[in-house]
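Comments concern the structure below.
Please read these numbers as outputs of a predicted model, since none were measured by experiment.
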Amino acid sequence: MTARFDAIGLIVSDMAASVDFYRRLGFAFPTGSEGQPHAEAELPGGIRLLLDTEESIRSFTPGWRPPAGGGRHSLALLCDTPAEVDAFYAELTGAGSPGERVPWDAPWGQRYAVLADPDGHGVDLFAPLAARDLAVPSE
């Protein structure tokens with residue numbers, strides 16, 4: 001027997017808002033997904049992002065409630081360039097997504113930014129920095 005990693009599932013409050021958010025990041029949700037209780041987008045490599053509404057989850061787990069407090073997970077999305085990190089962050093926060101950390105040149109060699117999707121799921125955006133772009137931490 002072998003279990004294979006196949007999908008990442010997120011529970012969402014507003015399917016339309018979540019589909020719009022992830023489409024802005026390049027996820028190809030089928031037309032009409034906004035009004036469905038379950039939506040899937042295939043990612044490179046065959047992994048899928050699954051979105052299910054709270055009502056959908058309650059249809060098979062009637063007592064389910066959203067967890068209290070902050071999340072303990074995030075989706076980390078590799079961007080092609082450092083400028084793309086900045087552009088995605090500006091577009092998504094400009095559309096109302098909460099920004100948690102503005103783009104910065106991280107000491108581990110990446111342009112990095114952190115924001116949240118419409119349900120507060122963490123989304124990290126990053127791209128490798130060229131060696132000459134590495135920020136020298138000030139003390």
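- With a 4.5 Å cut-off on side-chain heavy atoms, L51 and V19 count as touching.
- Residue V85 is grouped with residue L92 when hydrophobic side chains (ILVMFWY) are merged at heavy-atom distances under 4.5 angstrom, including chains of intermediate members.
- L125 has its side chain within reach of L115: a pair of non-hydrogen atoms, C-beta onward, lies under 4.5 Å apart.
- Residue S56 holds its OG atom at 10.5 Å from CG of L50, rounded to the nearest 0.5 Å.
- Applying the side chain to side chain donor-acceptor pair (under 3.5 Å) rule to D52 yields the partners H38; only residues at least two apart in sequence or on another chain are considered.
- Among all heavy-atom pairs drawn from P118 and A17, the shortest one is CG-O, 3.6 Å.
- Using a 4.5 Å heavy-atom threshold, the side chains of S74 and V114 count as separate.
- In this structure, the side chain to side chain contact (heavy atoms under 4.5 Å, CB included) partners of A76, at least two apart in sequence or on a different chain, are D124, F126.
- Residues satisfying the salt bridge (Lys or Arg N to Asp or Glu O under 4.0 Å) criterion with D6, sequence neighbours excluded, are R48.
- Listed by chain and residue number, F5, L49, L75 satisfy the side chain to side chain contact (heavy atoms under 4.5 Å, CB included) test with I8 (two or more places apart in sequence, or in another chain).
- When the side chain to side chain contact (heavy atoms under 4.5 Å, CB included) test is applied to A16, the partners found at least two apart in sequence or on another chain are D14, E34.
- A continuous path of Ile, Leu, Val, Met, Phe, Trp and Tyr side chains, each step under 4.5 Å between heavy atoms, connects F21 with L77, placing both in one hydrophobic cluster.
- Taking P98 as the reference, A116 meet the side chain to side chain contact (heavy atoms under 4.5 Å, CB included) condition, with sequence neighbours excluded.
- With rounding to the nearest 0.5 angstrom, the OG atom of S18 is 4.5 Å from the CG atom of D119.
- Residues L78 and Y112 share a single hydrophobic cluster, defined by chaining ILVMFWY side chains whose heavy atoms lie under 4.5 Å apart.
- The side-chain hydrogen bond (donor to acceptor under 3.5 Å, both in side chains) pairs that include a residue from residues 86-99 are R24-E91, D86-R111, where partners are two or more places apart or lie in different chains.
- In terms of the ring-ring contact (aromatic ring centres under 6.0 Å, His included) criterion, W64 has no residue partners (sequence neighbours excluded).
- Remark: S59 pairs with no residue by the side chain to side chain donor-acceptor pair (under 3.5 Å) rule, at least two apart or across chains.
- For F27, the ring-ring contact (aromatic ring centres under 6.0 Å, His included) test picks out Y22, with sequence neighbours left out.
- Between E55 and P37, the closest side-chain pair of non-hydrogen atoms is not below 4.5 Å.
- Considering all non-hydrogen atoms of both residues, P82 and P128 come closest at CG-O, 3.6 Å.
- Residue F88 is grouped with residue L43 when hydrophobic side chains (ILVMFWY) are merged at heavy-atom distances under 4.5 angstrom, including chains of intermediate members.
- Not a single side chain to side chain donor-acceptor pair (under 3.5 Å) links Q36 to another residue, sequence neighbours left out.
- The cluster map of Ile, Leu, Val, Met, Phe, Trp and Tyr, joined by side-chain heavy atoms under 4.5 Å apart, puts I57 and M15 in different clusters.
- Checking side-chain atoms of T61 against main-chain N and O of R58 turns up no donor-acceptor pair under 3.5 Å.
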